[in-house]
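Here is the naming used below: chain letters follow the sequence lines, and residue numbers restart at 1 for every chain.
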Amino acid sequence: MLDIKILRNNPEIVKESLIKRNDKFDLDAFLALDNIWRNKLSELETLSARQNILAQETQLLIKDKKDPKSKIEESKQLKSQLAELEKDFAQLDIDYKAKLDWLPNIVHSSVPVGDESKNELVSQYGEKPDFKFKAKDHVTLAEELNMVDFKAGTKLTGTNFVTYTGDGATLERALINFMLDLHIKEHGYREVSVPFLVNSKTMRATGQLPKLKDDMYNMSDDDFYLIPTAEVPVTNLKRDVLLDESELPIYNVCATPCFRREAGSYGKDTKGLMRLHQFDKVELVKFVKPGTSYDELEQLLENACKVLELLKLPYRVVALASGDLSFAAAKCYDIEVYSPGIDKWLEVSSCSNFEDFQARRGNIKYKDSKTGKREFVHTLNGSGLALPRLFTAILENYQQEDGGVVIPEVLRGYFCGHERFSR
RNA sequence: GGAGAGGUUGCCGAGCUCGGUUUAAGGCGCCGGUCUCGAAAACCGGUGUGGGUUUAUUCUCACCGUGGGUUCAAAUCCCACCCUCUCCGCCA
């Protein structure tokens, strides 16, 4: 949610941002609606004020043992008038708020303008492996090493669900623990463990609703949704909370499964582990003071990159162009790990600054000691990292000519010191 | 799932029986002041949130878990729902 005052006073800023995003939100129509909304509101409030006065006057007349009949008559008339007006306004208000819900965040000035093709390479780390043999893809490797049972997932649930088996299951768990430990011990994050089902109010605060409704699994009987990312429950931990300034910044880390319907993406990069309906992810979430959020974003990005550096995997960082930004983000970096078997850069993290967009929706504030006022915090999050593609990159980067896979050094502690996955 | 108790403006907490000087008491916290070398304590004063309006002062509306209802008037009465706690049942 944007500050409505920005829309009213500086609509050109919002318009420019919408153009950058290639978003078709009709701002002029909304501002016209806003005008109507405000007029109706003051009309309603004028009558309410009169009604309040009449009630007071009635009370005084009764107290003085005088006849309040004429006041009561006027009030009764006003009441029916008010009821009608209230009904109209309630409908208008619903439309108004619903429209506002569809307005995306303002693009930060540092974001490259354009569609996906304008994404900018920010940095690159490591070298692509130089194999003296033909590299296999992760599907082949995982099946040969009995680390993933692709068919079992399909049998149990449906397409694009997988089952990790043996060393595969252990590798998943090892990666989760490795990343959690890193962020907790080295980067100062506090771990939280949250529900995987959340209600619609929670989904709305972080911006998944209304826009991404069709991308989520919904338990219609209970107004519950399966979380598409830990960002949702973790950010909402502070929903409707007035934070103490001394608590900030708050850094949270959380490992959860993520559930995504991926509606409409069938056939697109769906081979193997590339696009699953359920996958695990370690998520970093920050609540910070407004002035610091862009420095915090850079740090968050570094924290996520550290995982790949310790795993000795080649990666690059891309600054997303305005047209590629998600609904709630003002700025976002993607981290892409290189995977030689399929010869692709795989997105394993998106690190975003939402500024006060989510904080407004979720009413997350702190009392600022300088201004003495309640201010919205800024929220940020980034994957640190998503599992399946990381799993993929490990198999494909660490594969050997004999079909085995060397276990990255930093993970060997989770495998009793073993150095390889082999057949 | 059943029974009982409860949800009040940052926090605690009164008010609900009997609807109307409650624009929600009081305390804590916070801000300012007196005192002090400084601080603490004490004392004095101020201090809810959100919306609309206004250059500003102002004025005004809404908010006592949520949504309805009764009434000239609802924190207070009625209905439904949500949540919390205690006990019982069931259960990993």
Side-chain angles (χ1 to χ4, degrees), chain A residues 1-10 30-101 103 193-205 219-225 233 236-248 250 287 289 356 359-377:
Chain A
M1 189 161 65
L2 297 181
D3 185 351
I4 191 78
K5 292 198 176 78
I6 293 179
L7 301 195
R8 287 170 186 161
N9 302 333
N10 305 92
F30 181 79
L31 287 172
L33 181 64
D34 179 51
N35 234 338
I36 296 170
W37 182 87
R38 284 194 279 177
N39 287 337
K40 263 277 195 273
L41 181 62
S42 54
E43 198 183 332
L44 183 67
E45 286 186 355
T46 307
L47 291 192
S48 296
R50 177 68 190 151
Q51 184 74 313
N52 287 341
I53 287 167
L54 285 172
Q56 271 178 18
E57 287 177 345
T58 303
Q59 182 198 152
L60 288 178
L61 288 175
I62 292 171
K63 211 167 152 192
D64 292 348
K65 302 208 180 351
K66 290 177 184 163
D67 184 12
K69 203 175 158 200
S70 68
K71 297 291 178 194
I72 290 178
E73 270 313 307
E74 186 186 344
S75 192
K76 272 186 176 173
Q77 265 185 6
L78 198 55
K79 195 179 171 183
S80 62
Q81 214 179 327
L82 257 173
E84 205 158 308
L85 210 56
E86 271 169 5
K87 205 177 146 195
D88 287 353
F89 183 76
Q91 187 54 51
L92 183 66
D93 193 52
I94 288 168
D95 292 348
Y96 177 80
K97 302 241 163 83
K99 283 222 170 61
L100 192 55
D101 250 8
L103 185 61
S193 178
V194 294
F196 306 153
L197 283 166
V198 300
N199 58 36
S200 55
K201 194 173 181 185
T202 296
M203 280 298 184
R204 193 194 153 274
M219 313 285 133
S220 55
D221 288 348
D222 284 306
D223 184 37
F224 291 163
Y225 293 83
N236 273 276
L237 287 173
K238 303 301 182 194
R239 174 157 54 80
D240 295 321
V241 171
L242 180 64
L243 294 162
D244 195 286
E245 190 174 8
S246 63
E247 293 177 71
L248 298 173
I250 295 171
F287 304 87
K289 289 205 259 180
D356 64 3
R360 278 178 192 282
R361 287 183 157 235
N363 189 29
I364 309 172
K365 293 185 172 179
Y366 75 101
K367 194 165 181 185
D368 189 273
S369 58
K370 280 195 189 121
T371 64
K373 287 187 175 169
R374 293 169 179 223
E375 308 281 356
F376 290 108
V377 301

Touch class at under 4.0 angstrom, heavy-atom based, for A:Arg50 against every strand present: nothing
Rounded P spacing from B:rA56 to B:rG15 in Å: 42 Å
Rounded distance in Å between the P positions of B:rA5 and B:rA73: 31 Å
B:rC37 pairs with, by Watson-Crick or G-U criteria that keep both distances under 3.5 Å: none
Mate of B:rC16 where both pairing distances stay under 3.5 Å, Watson-Crick or G-U: none
Contact residues, residues 73-100 of chain A to RNA chain B [heavy atom, < 4.0 Å]: A:Ser75, A:Lys76, A:Lys79
Sugar-phosphate only, base, or nothing, as touched by A:Leu54 at under 4.0 Å among non-hydrogen atoms: nothing
Atom P, compared across B:rG20 and B:rA24: separation rounded to whole Å: 14 Å
B:rA75: pairing nucleotide in any strand, Watson-Crick or G-U under 3.5 angstrom: none
Touch class at under 4.0 angstrom, heavy-atom based, for A:Thr58 against every strand present: base
Nearest-angstrom distance, C1' atom, B:rU49 to B:rU9: 7 Å
Heavy-atom contact window of chain A on RNA chain B, given 5' to 3' at under 4.0 Å: B:rG10 to B:rA73
Interatomic distance at C1', B:rG67 relative to B:rC83, whole Å: 15 Å
Sugar-phosphate only, base, or nothing, as touched by A:Lys201 at under 4.0 Å among non-hydrogen atoms: nothing
Minimum-distance pair of heavy atoms, taken over all atoms of A:Ser200 and A:Tyr225: CB-CE1, 3.8 Å
Contact summary for A:Lys238 and A:Ile250, nearest pair of heavy atoms: CE-CD1, 3.8 Å
Salt-bridge present (A:Asp244, A:Lys367; N to O < 4.0 Å): no
First of A:Lys63 and A:Phe224 reached from the 5' end of RNA chain B, by closest nucleotide: A:Lys63
Within residues 71-80 of chain A or reaching into it, pairs that qualify as side chain to side chain donor-acceptor pair (under 3.5 Å) - sequence neighbours excluded: A:Arg50-A:Glu74, A:Gln51-A:Ser75, A:Glu57-A:Lys71
Mate of B:rG32 where both pairing distances stay under 3.5 Å, Watson-Crick or G-U: B:rC44
Mate of B:rC81 where both pairing distances stay under 3.5 Å, Watson-Crick or G-U: B:rG65
Sugar-phosphate only, base, or nothing, as touched by A:Asn52 at under 4.0 Å among non-hydrogen atoms: sugar-phosphate
Distance between C1' atoms of B:rC63 and B:rG1 (Å, rounded): 35 Å
ring-ring contact (aromatic ring centres under 6.0 Å, His included) against A:Tyr96, all qualifying residues, sequence neighbours excluded: A:Phe30, A:Trp37
Base-pairing mate for B:rA3 - Watson-Crick or G-U, with both contacts under 3.5 Å: B:rU86
Contact list for residues 49-76 of chain A, test ring-ring contact (aromatic ring centres under 6.0 Å, His included), sequence neighbours left out: none
Salt bridge flag under 4.0 Å for residues A:Arg361 and A:Asp101: yes
Strand partner of B:rU53, provided both Watson-Crick or wobble distances fall under 3.5 Å: none
Salt-bridge criterion met for A:Lys289 and A:Glu245 (N-O under 4.0 Å): yes
Nearest-Å distance once atom C1' is located in both B:rC81 and B:rC87: 23 Å
Over all atoms of both residues, closest heavy-atom pair of A:Leu7 and A:Leu31: O-CD2, 3.6 Å
Pair A:Leu60-A:Lys66, side chain to side chain contact (heavy atoms under 4.5 Å, CB included): steps then yes or no: CA-CA 9 Å; A:Leu60 288 178; A:Lys66 290 177 184 163; over 6 Å; no
Pairs where residues 89-100 of chain A contributes a residue and the test salt bridge (Lys or Arg N to Asp or Glu O under 4.0 Å) is met, not counting sequence neighbours: A:Asp93-A:Lys97
Closest-nucleotide ordering on RNA chain B, the 5'-leading residue of A:Thr46 and A:Lys5: A:Lys5
Nearest-Å distance once atom P is located in both B:rU76 and B:rG6: 15 Å
